[in-house]
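Note that ligands are numbered from 1 as they come in the structure, with each ligand's atoms numbered from 1 the same way.
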Amino acid sequence: MNVFSQKVPGIIEFPSIGSSAEGYISVAEYQKDIPFEIKRVYWTYFTPQNVIRGFHAHKELQQVIFAVSGKIVFKTEDGKGQVKVFTLDDPKVGLFIPPYVWREITFSHNAVLLCLASSEYTELDYIRKYEDFKKIVTHEE
Ligand code: TYD
């Protein structure tokens with residue numbers, strides 16, 4: 001089944017065009033590779049190795065996230081309480097995160113995270129307290 005139709009996070013491997021002799025290019029195209037319209041792209045960098053970021057879930061936002069450089073580890077918890085750890089350390093590999101997934105993220109010193117997001121930034125879409133997340137997802141089941 002398609003990763004994007006699931007309500008849980010999942011890995012997507014994008015094709016890489018090229019060779020070790022000339023280098024590679026990977027592409028994510030709306031509709032062909034990504035079913036949601038990409039309304040926002042953001043990237044993070046220079047995150048100290050001892051910092052854990054994230055600690056939130058989203059209500060509507062869908063994301064595909066890449067470690068275009070370095071290594072990024074996502075610990076996710078979906079609405080059913082299933083905890084998974086995803087290690088992104090390959091630029092052709094993306095992580096799809098649907099709504100209602102709590103995430104905690106660590107980075108190697110050289111990590112650059114690139115995110116393709118389905119909507120513009122709004123703080124209203126965030127669930128920033130773990131207790132609120134648990135209340136909402138338990139109520140939804
Ligand atoms: P946040 O999503 O909380 O990042 P992380 O989970 O990695 O810690 O965002 C950090 C700050 O950046 C927060 O003040 C909101 C702001 N921000 C924007 O203004 N626009 C954006 O698109 C994003 C992703 C964050």
Aromatic rings F133 and Y130: how do their planes relate, parallel, tilted or perpendicular, breaks at 30° and 60°?
-> tilted
Can you name the residues that form a side-chain contact (heavy atoms from CB on, under 4.5 Å) with E60, not counting sequence neighbours?
-> D125
Salt bridge (charged side-chain N to carboxylate O under 4.0 Å, His left out): which pairs involve residues 36-51, sequence neighbours left out?
-> none
Are I34 and F96 linked, directly or through other ILVMFWY residues, by side chains that come within less than 4.5 angstrom of each other?
-> yes
For a distance cut-off of 3.5 Å, show me each N or O of ligand 1 paired with any protein N or O, plus the separation.
unit_1: ligand 1; atom_1: 2 (O); unit_2: Y126; atom_2: OH; d: 2.5
unit_1: ligand 1; atom_1: 3 (O); unit_2: R128; atom_2: NH1; d: 2.8
unit_1: ligand 1; atom_1: 3 (O); unit_2: R128; atom_2: NH2; d: 3.0
unit_1: ligand 1; atom_1: 6 (O); unit_2: G54; atom_2: N; d: 3.2
unit_1: ligand 1; atom_1: 6 (O); unit_2: H56; atom_2: ND1; d: 3.3
unit_1: ligand 1; atom_1: 7 (O); unit_2: R53; atom_2: NE; d: 2.9
unit_1: ligand 1; atom_1: 7 (O); unit_2: R53; atom_2: NH2; d: 3.4
unit_1: ligand 1; atom_1: 8 (O); unit_2: R53; atom_2: NE; d: 3.1
unit_1: ligand 1; atom_1: 8 (O); unit_2: R53; atom_2: NH2; d: 3.1
unit_1: ligand 1; atom_1: 22 (O); unit_2: R40; atom_2: NH1; d: 2.5

Report the residues that fulfil side-chain contact (heavy atoms from CB on, under 4.5 Å) with L124, sequence neighbours left out, ordered by chain and then residue number.
-> T122
Verify, without hydrogens or angle tests, whether S26 (side chain) and P15 (backbone) share a donor-acceptor contact under 3.5 angstrom.
-> yes
